[in-house]
Amino acid sequence: MTALVGNDEPRLVRGAGDRYPTRVSNTPAFIDRAEPTVWGSRASAGMFGAQELEAHERDGFVQVPGLLTADEIVEYQAELDRLAHDPEVRADERCIVEKSSDEVRSIFEVHRISEAIGRLVRDERVLSRARQILGSDVYVHQSRINYKPGLGGGGFFWHSDFETWHAEDGMPSPRAVSCSISLTDNHPFNGCLMIMPGSHRTFVSCVGETPEDYHLTSLKEQEIGTPDAESISKLAQRHGIAMMTGEAGGATFFDSNCMHGSGDNITPYPRSNIFLVFNSVENECVAPFSAPRPRPSHIAARDRSPVR
């Protein structure tokens, strides 16, 4: 793989069959996105209006305040609490605890563990919007709960989800969208999601090789697959940083290639959300592009059955 030096940042020559090479060079690079962000027609059926789809195309994300009702918020908060304290769930490999404590950090494949969250995946308020963005039927590539308890909830360093899904899961193109549904108020000070608006148009290749069974450690703290400091600084200078704040019950739909992250929560105010990833049925995952083998199916589904 040959690195080319441009006026602003290095670029990589794309390898045959791989538009987005990553973890294959000692030199990071910026690669211009080849695909659209909104694949569907602005007139396609769904709950997003034309202006919201235009914002998603431009910024890589769009927020939906009040997606859940007050009663639903209470219901899902109780469900998250039940799952976090269920001994069988905590003993399951799908449950990830904080690196520095015994607090639950994430629970994966949660739409199969919880009937309530399974219904949420099929809810037209969520599903129709995912179909509008991706322009096709969709399936759940990944689902999880992210817990960020007060006074100790760990953050997530800057990263593009697509970089990981491409390198480790074999997702060919960034035709996937995430829906993060807040079950607590999101403030600037309790570890809210941060996104660089417009960063979805640039793929940042990362350095380092993917270790064997990397998911066993990366889900607690990711190192390989995160951009270098210079690349993050250039993107931040170019795009700025937006904080996804808002009241409980709101949702953020964001493109799989958005550069995003969140800080530690050192406040007493917990933050938790339901995280649903929809991939187009036309974007079938193949062999990993930069990993020894695919991650387990509870982290990255291989079943493309459309959500109905």
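The model shown is predicted, which means the values in this text are computed figures rather than measured ones.
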Under a 3.5 Å distance rule, please check whether [X] uses its side chain to pair with a backbone N or O of [Y] as donor and acceptor.
X    : Y    : result
D264 : I266 : no
K148 : G191 : yes
T210 : S290 : yes
R144 : S106 : no
E57  : V38  : yes
Q63  : T252 : no
Q237 : K234 : no
Q132 : G40  : no
D92  : C95  : no

- Sequence neighbours excluded, which residues qualify as ring-ring contact (aromatic ring centres under 6.0 Å, His included) partners of F203? Y20, F162
Once salt bridge (Lys or Arg N to Asp or Glu O under 4.0 Å) is applied, do any residues pair with [X], and if so which ones, sequence neighbours excluded?
X    : answer
R90  : D102
E72  : R125
R112 : E109

Where do [X] and [Y] come nearest, in terms of heavy atoms and distance?
X    : Y    : value
G225 : H159 : O-CB, 4.3 Å
R271 : C192 : NE-CA, 3.6 Å
I107 : A84  : CD1-N, 4.4 Å
P188 : M243 : CB-SD, 3.5 Å
E212 : P292 : OE2-CB, 3.8 Å
I73  : A248 : CD1-O, 3.3 Å

Please tell me whether [X] and [Y] are part of a single hydrophobic cluster in this structure, the criterion being side-chain heavy atoms less than 4.5 Å apart.
X    : Y    : value
V307 : L276 : yes
I117 : Y139 : no
V121 : L68  : yes
W158 : V207 : no
F289 : Y214 : no

Taking the side chain as every heavy atom from C-beta outward, state whether [X] and [Y] have any atom pair closer than 4.5 Å.
X    : Y    : result
S256 : W165 : yes
I224 : E209 : no
F108 : I96  : yes
C206 : T226 : no
L193 : F156 : no
P28  : E230 : no
I241 : M196 : yes
M244 : M194 : no

Find the distance between [atom1] ([X]) and [atom2] ([Y]) and round it off to the nearest 0.5 Å.
X    : Y    : atom1 : atom2 : result
M259 : L235 : CE    : CG    : 5.5 Å
D18  : I31  : CG    : CD1   : 8.0 Å
S272 : Y147 : OG    : OH    : 7.5 Å
L120 : I274 : CG    : CD1   : 5.5 Å
H111 : R119 : NE2   : CZ    : 14.0 Å
Y76  : S114 : OH    : OG    : 7.5 Å

Does one side chain, of [X] or [Y], offer a donor that lies under 3.5 Å from an acceptor on the other?
X    : Y    : result
S136 : S280 : yes
T267 : N190 : no
N283 : H141 : no
T69  : D71  : no
E35  : S173 : no

- Query: Passes side-chain contact (heavy atoms from CB on, under 4.5 Å), F275 versus V110? Steps please.
  - Reply: CA-CA 9 Å; F275 192 83; V110 71; over 6 Å; no
- Just grab all the ring-ring contact (aromatic ring centres under 6.0 Å, His included) pairs involving residues 169-188, residues at least two apart or on different chains. H187-F189
- Message: Check for me whether the distance between the ring centres of F253 and H56 falls short of 6.0 Å.
- Response: no
- Criterion side-chain contact (heavy atoms from CB on, under 4.5 Å) on V138 and L127, from CA distance to verdict: CA-CA 8 Å; V138 299; L127 183 58; 3.5 Å; yes
- Item | D169/I299 under side-chain contact (heavy atoms from CB on, under 4.5 Å): CA gap, chis, key distance, verdict | CA-CA 9 Å; D169 302 337; I299 300 172; 5.6 Å; no
- Message: Checking side-chain hydrogen bond (donor to acceptor under 3.5 Å, both in side chains) between D255 and each of H200, R201, R33, which is the one that passes?
- Response: R33
- Query: Among pairs that include at least one residue of residues 171-196, which meet salt bridge (Lys or Arg N to Asp or Glu O under 4.0 Å), considering only residues two or more places apart or in two chains?
  - Reply: R175-E282
- Test the R129-F278 pair against the cation-pi criterion, namely NZ or CZ under 6.0 angstrom from the six-membered ring centroid and within 45° of the ring axis. no
- Task: Decide if atom OH of Y269 counts as having more than 12 heavy atoms of other residues, nucleotides or ligands within a radius under 6.0 Å.
- Result: no
- Item | Enclosure of E75 CD (heavy-atom neighbours >12, cutoff 6.0 Å) | yes
- Task: Report the C-alpha separation of D161 and F254 in whole Å, then their side-chain angles, then the decisive distance to 0.1 Å, and conclude whether the side-chain contact (heavy atoms from CB on, under 4.5 Å) test is met.
- Result: CA-CA 10 Å; D161 288 329; F254 63 101; 3.9 Å; yes
- Message: Using a strict threshold of under 4.0 Å (side-chain N to carboxylate O), is an ion pair present between E284 and R302?
- Response: no
- Message: Apply salt bridge (charged side-chain N to carboxylate O under 4.0 Å, His left out) to residues D137 and R304 and explain how you reach the verdict.
- Response: CA-CA 10 Å; D137 280 332; R304 288 189 300 138; over 6 Å; no
